[in-house]
Amino acid sequence: MTSNTQRRCGVGIRGVAMAIDSVVWIGLFMVAIPAVGLVTGDLQTSSTRIETNLDGGPALAGLGLWLAISILYHTVLEWRWGKTLGKYLVSIEVTRPDGSAPSFLGSLLRNVFRLVDWLPAFYLVGIVTLAVSKSERRLGDRVGNTIVVRP
């Protein structure tokens, strides 16, 4: 078997996968916000469009729901299949360093820390930690005990 060190993925291919998954995140946003608008009564419909104008608490609830389902999207798909849609399309996957599947907790921690890796904008913390890491692991990978490899 090939060493995981030789198969690990760097910033470039992981960035392409994340760009694809960002399209999914936009779709999830387009579901989460109207869902909160429906519950709070802030959803207006017409024959040509649906509009949601959220302020204050409902806006925070919409943002929280969107972040939660986005994190669950990554967590569940990586835990069960090792890959999200973006990772599938670029042929990479998430594993533990020994090559086994990530645990649910490891996948969850990895993806909660995605919010930290994203800081201050455009994954700057994640890119820097991945670029300076000898093991090509972002902060979320380290906390979740995962790596991203080409199978």
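Computed from heavy atoms alone, side chains included, the values below leave out hydrogens, waters and symmetry copies.
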Item checked: Minimum heavy-atom distance between Asn111 and Arg138, given as atom pair plus value -> OD1-NH2, 4.3 Å
Margin query: Treating Asp21 as the side-chain partner and Gly86 as the backbone partner, does any N or O pair qualify as donor plus acceptor under 3.5 Å?
Written below: yes
Note to self: What's the separation between atom CD in Gln44 and atom CZ in Arg49, rounded to the nearest 0.5 Å?
What the structure shows: 9.0 Å
Checklist line | Closest non-hydrogen atom pair between Phe29 and Pro34, with its separation | finding: O-CD, 4.0 Å
Item checked: Option passing side-chain contact (heavy atoms from CB on, under 4.5 Å) with Glu78 (candidates Thr84, Thr95, Thr146, Leu108) -> Thr84
Margin query: Quick check against the 3.5 Å criterion: does Ser107 have a side-chain atom that pairs as donor or acceptor with the backbone of Thr75?
Written below: yes
Next item on the list: Check Gly140 against Phe113 and note the closest heavy-atom contact, atom names and distance.
Entry: CA-CB, 3.6 Å
Checklist line | Worked verdict on Asp42 versus Asn53 for side chain to side chain contact (heavy atoms under 4.5 Å, CB included) | finding: CA-CA 6 Å; Asp42 293 319; Asn53 293 314; 5.9 Å; no
Margin query: I want to check something: taking the side chain as every heavy atom from C-beta on, are Ile13 and Arg150 in contact at a cut-off of under 4.5 Å?
Written below: yes
Note to self: Between Val16 and Leu89, is the side chain to side chain contact (heavy atoms under 4.5 Å, CB included) condition met? List the steps.
What the structure shows: CA-CA 9 Å; Val16 172; Leu89 291 175; over 6 Å; no
Item checked: Distance-minimising heavy-atom pair for Ile147 and Val149 -> CD1-CG1, 3.5 Å
Notebook entry, point to check: For the residue pair Ala32 and Gly62, what are the closest heavy atoms and their distance?
Noted result: CB-O, 4.2 Å
Check: Can any side-chain N or O of Thr40 pair as donor or acceptor with the backbone N or O of Val36 at less than 3.5 Å?
Finding: yes
Margin query: Assigning hydrophobic clusters by single linkage (Ile, Leu, Val, Met, Phe, Trp, Tyr; side-chain heavy-atom cutoff under 4.5 Å), is Tyr123 placed with Tyr73?
Written below: yes
Margin query: Taking salt bridge (charged side-chain N to carboxylate O under 4.0 Å, His left out) as the criterion, tell me which of Arg96, Arg114, Arg110 meets it with Asp141.
Written below: Arg110
Check: Transitively linked via ILVMFWY side-chain contacts under 4.5 Å: Val143 with Val116?
Finding: yes
Margin query: I need the Leu130 CG to Arg137 CZ distance, nearest 0.5 Å.
Written below: 10.5 Å
Margin query: Between Glu93 and Lys83, does any NZ, NE, NH1 or NH2 come within less than 4.0 Å of an OD or OE carboxylate oxygen?
Written below: yes
Checklist line | Common cluster, Leu115/Leu77, ILVMFWY with side-chain heavy-atom separation under 4.5 Å | finding: yes
Notebook entry, point to check: Under 3.5 Å, is there a donor-acceptor pair between the Arg142 and Ser133 side chains?
Noted result: yes
Margin query: Has Trp66 got a side-chain atom pairing as donor or acceptor with Trp25's backbone, closer than 3.5 angstrom?
Written below: yes
Notebook entry, point to check: According to a 4.5 Å side-chain heavy-atom criterion applied to Ile, Leu, Val, Met, Phe, Trp and Tyr, with indirect links allowed, do Trp81 and Val90 form part of one hydrophobic cluster?
Noted result: yes
Next item on the list: Search all heavy atoms of Thr52 against all heavy atoms of Ile33 and return the closest pair with its distance.
Entry: CG2-O, 3.7 Å
Next item on the list: Report yes or no: do Leu109 and Leu67 belong to one cluster of Ile/Leu/Val/Met/Phe/Trp/Tyr joined by side chain heavy-atom distances under 4.5 Å?
Entry: no
